[in-house]
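All remarks here apply to the structure that follows.
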Amino acid sequence: REQIIDAALDVFSRKGYEGATTKDIADAAGVKSPGLIYHYFKDKEHLFQQVIERNAPILAVIREPESFLALPPREALLRVAVAFLAVLNNRTTMPMVRLLLSEAVRRPKLAEVFNSLGPRRLFALVSTYLERQMAAGTLRRMDVGAAVRCFMGPLIIYILTHEVFPQPDTATLDPQRMAETAVEIFLRGMEPAAVAPRAESGD
């Protein structure tokens, strides 16, 4: 099963979702019969889902929502940022990211499969976290959807300017520093407004 998932990542990355066949994947996995793939996976879409689950570090955060929701803001958001950018450390996974970016518009069904596995769940979890922190007064009250996008946006842009549109500092700005900077800037902007002391009434 693990051999098939590893081989599928390679084949999907090279040939695309539609171009990859079970025979291609079986050959890459060293499996004699393509039919054996269906012993472990009900169809190609299920196999694709498992490839994403296995190779997306951010999903580890999503799988433990209660422990994540109990963390203080800096630790929680840094955990998300680091896990999200960890994809850059895996040179096998990055071709899959490029595949998803290139095929998402042309193949809405593939985009929806990926969205349901990762982005939608991540946005929901971070939204819940920020809402709880706002309700507790730890973070400034504002539109939660806008706040999530303001947090995730810089991380997405970092990946794009690292892999698709490289910038002059691409080789020197490492993911850890980017994660820490994004969290620091976001939390500064989300600091609760200072409450002005009430003037004491004189006699």
Side-chain angles (χ1 to χ4, degrees), residues 52-102 104-105 111-112 114-198:
I52 294 175
E53 289 273 4
R54 165 87 173 273
N55 292 280
I58 189 62
L59 294 183
V61 176
I62 299 173
R63 292 189 199 103
E64 302 176 355
E66 290 309 317
S67 61
F68 171 77
L69 293 171
L71 296 173
R74 189 174 303 279
E75 184 178 350
L77 297 179
L78 188 59
R79 180 173 297 186
V80 169
V82 169
F84 190 79
L85 297 182
V87 67
L88 294 169
N89 295 325
N90 188 331
R91 307 318 299 176
T92 305
T93 306
M94 276 312 304
M96 177 63 74
V97 173
R98 295 192 192 96
L99 164 69
L100 290 167
L101 290 175
S102 67
V105 175
E112 177 55 27
F114 177 65
N115 191 29
S116 65
L117 287 172
R120 186 176 296 145
R121 293 162 64 193
L122 177 61
F123 266 62
L125 180 61
V126 177
S127 295
T128 299
Y129 181 83
L130 294 180
E131 178 61 47
R132 290 190 184 185
Q133 294 298 320
M134 291 176 191
T138 310
L139 298 178
R140 181 191 301 265
R141 168 62 66 182
M142 61 178 60
D143 184 279
V144 175
V148 174
R149 286 166 173 79
C150 286
F151 172 62
M152 296 301 303
L155 305 177
I156 295 170
I157 291 297
Y158 177 75
I159 290 178
L160 288 176
T161 55
H162 195 281
E163 295 296 322
V164 183
F165 309 109
Q167 299 303 305
D169 64 348
T170 293
T172 57
L173 180 57
D174 63 85
Q176 181 67 32
R177 193 187 319 153
M178 180 64 212
E180 293 171 355
T181 303
V183 170
E184 179 67 23
I185 292 174
F186 180 77
L187 289 180
R188 288 290 183 91
M190 293 292 290
E191 288 177 355
V195 179
R198 291 188 303 173

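- Between the CE atom of Met190 and the CZ atom of Arg188 there is a distance of 14.5 Å, given to the nearest 0.5 Å.
- To the nearest 0.5 Å, atom CE of residue Met178 and atom NE2 of residue His162 are 11.5 Å apart.
- Tyr158 contributes no side-chain N or O that, together with a main-chain N or O of Ala179, makes up a donor-acceptor pair within less than 3.5 Å.
- Between the side chain of Thr170 and the main chain of Thr161, a donor-acceptor pair closer than 3.5 Å is present.
- Residues Asp143 and Ala146 come closest through the heavy atom pair OD1-N, 2.8 Å.
- In this structure, Val126 and Leu130 have side chains that are in contact, with non-hydrogen atoms separated by less than 4.5 Å.
- Between the side chain of Tyr129 and the main chain of Leu71, a donor-acceptor pair closer than 3.5 Å is present.
- Inter-residue side-chain proximity for Met152 and Val80 is flagged as met; some heavy-atom pair is nearer than 4.5 Å.
- For CZ of Arg141, the number of neighbouring non-hydrogen atoms (other residues, nucleotides, ligands) closer than 6.0 Å is greater than 12.
- In terms of heavy atoms, Pro65 sits closest to Leu125 at CB-CD1, 3.8 Å.
- If you take CD on Glu64 and CG on Leu69, they are separated by 11.5 Å, rounding to the nearest 0.5 Å.
- Here the closest non-hydrogen pair linking Leu187 and Leu139 is CD2-CD2, 4.0 Å.
- Val144 approaches Ser127 most closely through the heavy-atom pair CG1-O, 3.5 Å.
- Residue Ala147 comes nearest to Met134 through the heavy atom pair CB-CE, 4.1 Å, listed as atom of the first residue, atom of the second, then distance.
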Open item on the list: The test is salt bridge (Lys or Arg N to Asp or Glu O under 4.0 Å); show your working for Glu184 and Arg177 and say whether it passes.
Closed with: CA-CA 10 Å; Glu184 179 67 23; Arg177 193 187 319 153; over 6 Å; no

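- Within the 4.5 Å cutoff, side-chain heavy atoms of Phe84 are placed close to those of Ile156.
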Task: side-chain contact (heavy atoms from CB on, under 4.5 Å) between Ile159 and Leu155, worked out - done: CA-CA 7 Å; Ile159 290 178; Leu155 305 177; over 6 Å; no

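- For the atom pair Asp174 CG and Glu180 CD, the distance stands at 8.0 Å (nearest 0.5 Å).
- Scanning both residues, Phe151 and Leu77, for their nearest heavy atoms gives CZ-O, 3.4 Å.
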